[in-house]
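Here the structure is laid out as structure tokens; the discussion comes afterwards.
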Amino acid sequence: MSEERVQRILLYCGVTGAVLFCLAPFGYMVLTGLSLRPDFLRPEIPLTLTALNFGTVLTDPSLHFLAYLRNSLVVSAVSATVAVLVASLAAYALTRLEAPGKLLILFFILGVSLFPQVSLVSWLYKFMATLGWINTLQALVLPYVAWTLPLAVWILYSYFTQIPRDLDRAALVDGCTRLQVLFRVVLPVAAPGVFSTFLLAFIFAFNEFLFALMLTADYTARTVPVGIALFEGRHGELPWGEIMAAATVATLPVVLLTLVYQRRIVQGLTRGAVKG
Amino acid sequence: MHLTIHNCSKRFRTLRGTVEALREVSLEIGDGEFFVLLGPSGCGKSTLLNLVAGLERPSSGEIRFGETVVAAPARRIFVSPRQRNVAMVFQSYALYPHLDVFGNIAFPLKVAGEKEGAVRDAVAEAAGRLGLGDLLGRRPGELSGGQRQRVAIARALVRRPSVFLLDEPLSNLDAQLRAGTRTELKALQQELGITTLYVTHDQTEAMTLGHRIALLEEGEIVQVGAPQELYDAPATPFAATFIGSPPMNLLQGLIIEREVLLPGGFLVNVPVEKRDMEGLKGEVLVGIRPEHLVVVQEKEGAVPGTVRMVEPLGREFLLQIASGIGDLQALVEKNPPQRGENVNLYIDPRRVHFFFLQA
């Protein structure tokens, strides 16, 4: 067998392994959500596929799953949008203006994100209680924006530095103000970076558990991760089928978002802008 | 638009200290003039262009567009680029990659808030003028270098700028395309009559395009004049060697009364019209262009030399000659001597340039 053949086989084995490793829990989740008696696939219980759990999750008003989903989507979309907007202003300034100590600012921003969430949550609770924001959506949006900003600034910074300065200069001469340069040239050209940043911020907010657990009380503001974790069965047992069905539904928005933006993310960054 | 640059200096602060990119530069550029800023890289020509565009602020001095002062740091006046109505073509083209050709050309008009119909007409006109009519739907990534260059020029011309700025626009094109685009650019400028400031390091471009040329060296203007003036009467040795290809031969000389003593003991008469030049004494640099060195038969009064190399240039031949007064380059039109052949060179005193070394 030639060396290349061995390499190819090893490559496929590795890829298959990695994909299985990543997707197996996901498949397990879907399967459990679909089974009539979700007893962790014990072989002696025959697997019967049913959509019952999904039906319950989506229609049972006592579970409030749709309310959780709505809260999650609103909180994630708003915080990701705000984070990207603010971060792009910061990243643009950091890449384009001759500010002294630019690197220092960047590392300071990074340092802020190193605080463990747990160390902040009690203080955050007091803060939100004083504002009267406990159990509101904005109580989650505000910390999520703050929490995702450092990462967003760093990602956008690296994308913005790749955009040739001549584009800025051309836009300035063509009559743009600095803000117009950002919104009409830099952001559209860095669209792949902007979308990936948005997606990351969105996923972070969508998955966040601790803040959501502490700062919400019921379905008016509770998000999906907390909601699912606090699902209660009618007879005291854990309703695994419904939990898994709910988790499956909850992954859909992120998967859809990634699929929609995938083309944009892989698109070449500045193809044809400048020579070379 | 008449353009005035008065005593402009530009200093950059860097980690290694202050760099003076421009020193007390003054220029007057007439309405509709094609003015070329020529110089080697790092001479400050692009900085000067950026000052006119408003992309940089001068450290001192004043810039006027017609009667309007657009930059005067002493009086805290600075007009932003968008209010100057200038257009610029960049060496890198700097096209907007997310817009198609139409979007690129239309960009300045859309930013200015022009009406849809007016934008379409203006873009069609500019695109037609540069032969881009069929490419309006393409993205910059799908265009060749020459086409991108045309888009950049069309974008610059679409809103009738009062000043047209070009920063080495041809240096990314291959040689053939460059010559063609050069001719078109000159025709376009003559037709539109827009005051044009053109930056280049290529003396051929400068000579062929400019009504006038300003030669810059290390942030200072060496000489300003029409191309032929710069060629016929270079002000400094730098001007003499930078303009003209192959460059002028320069030799160390010593003025003795009415003659110049060259290395190897050769004497050249100082022509009558140059005898009353001030300071005509002591050490001097003697310059003679390669086409003014004549290969002659008679030895009397000529400089002997040996041909080291013959380079055919098509229309003429370039000779590298080791002579009694130093290494020389000479151009002959026909019947070139062979390599290794001994030749006699006649130096026409009327064609000789003298550059006095600063005491």
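Per chain, numbering begins at 1; letters A, B, ... match sequence-line order. In what follows, every heavy atom counts, from backbone to side chain, and hydrogens, waters and symmetry copies are set aside. The model shown is predicted, which means the values in this text are computed figures rather than measured ones.
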Give me the atom names and distance for the closest heavy-atom approach of [X] to [Y].
X        : Y        : result
B/Arg159 : A/Val173 : NH2-O, 3.0 Å
A/Leu167 : B/Leu95  : CD2-O, 3.0 Å
A/Pro188 : B/His98  : CB-CD2, 3.3 Å

Quick check on the structure: residues of residues 177-185 of chain A within a heavy-atom distance below 4.5 Å of chain B, by number.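 A/Thr177, A/Gln180, A/Arg184, A/Val185 fall under the 4.5 Å cut-off.
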Taking only heavy atoms into account, what residues of residues 35-48 of chain B are found under 4.5 Å from chain A?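 Within residues 35-48 of chain B, no residue comes under 4.5 Å from chain A.
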Using non-hydrogen atoms and a limit below 4.5 Å, what part of residues 105-113 of chain B faces chain A?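 Within residues 105-113 of chain B, near chain A: B/Phe107, B/Pro108, B/Lys110, B/Val111.
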Which side-chain N or O atoms in residues 203-210 of chain A pair as donor and acceptor under 3.5 Å with protein atoms at least two apart or in another chain?
unit_1   : atom_1 : unit_2   : atom_2 : d
A/Asn207 : ND2    : A/Ile203 : O      : 3.4
A/Glu208 : OE1    : A/Tyr144 : OH     : 2.7
A/Glu208 : OE1    : A/Phe211 : N      : 3.3
A/Glu208 : OE1    : A/Ala212 : N      : 3.1
A/Glu208 : OE2    : A/Gln117 : NE2    : 2.8
A/Glu208 : OE2    : A/Leu210 : N      : 3.1
A/Glu208 : OE2    : A/Phe211 : N      : 2.8

Which bit of B/Asn50 comes within less than 4.5 Å of chain A, counting heavy atoms only: side chain, backbone, both or neither?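 For B/Asn50, side-chain heavy atoms alone lie under 4.5 Å from chain A.
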Determine whether more than 12 heavy atoms belonging to other residues, nucleotides or ligands lie under 6.0 Å from atom [atom1] of [X].
X        : atom1 : answer
B/Asp174 : CG    : yes
B/His6   : NE2   : no
A/Leu104 : CG    : no

Drop me the distance from A/Leu172's CG to B/Ser80's OG, to the nearest 0.5 angstrom.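 Spacing of CG (A/Leu172) from OG (B/Ser80) equals 8.5 Å.
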If you tally heavy-atom pairs under 4.5 Å against chain A, which of B/Arg84, B/Arg155, B/Gln149 wins?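 Of the candidates given, the most pairs with chain A belong to B/Arg155.
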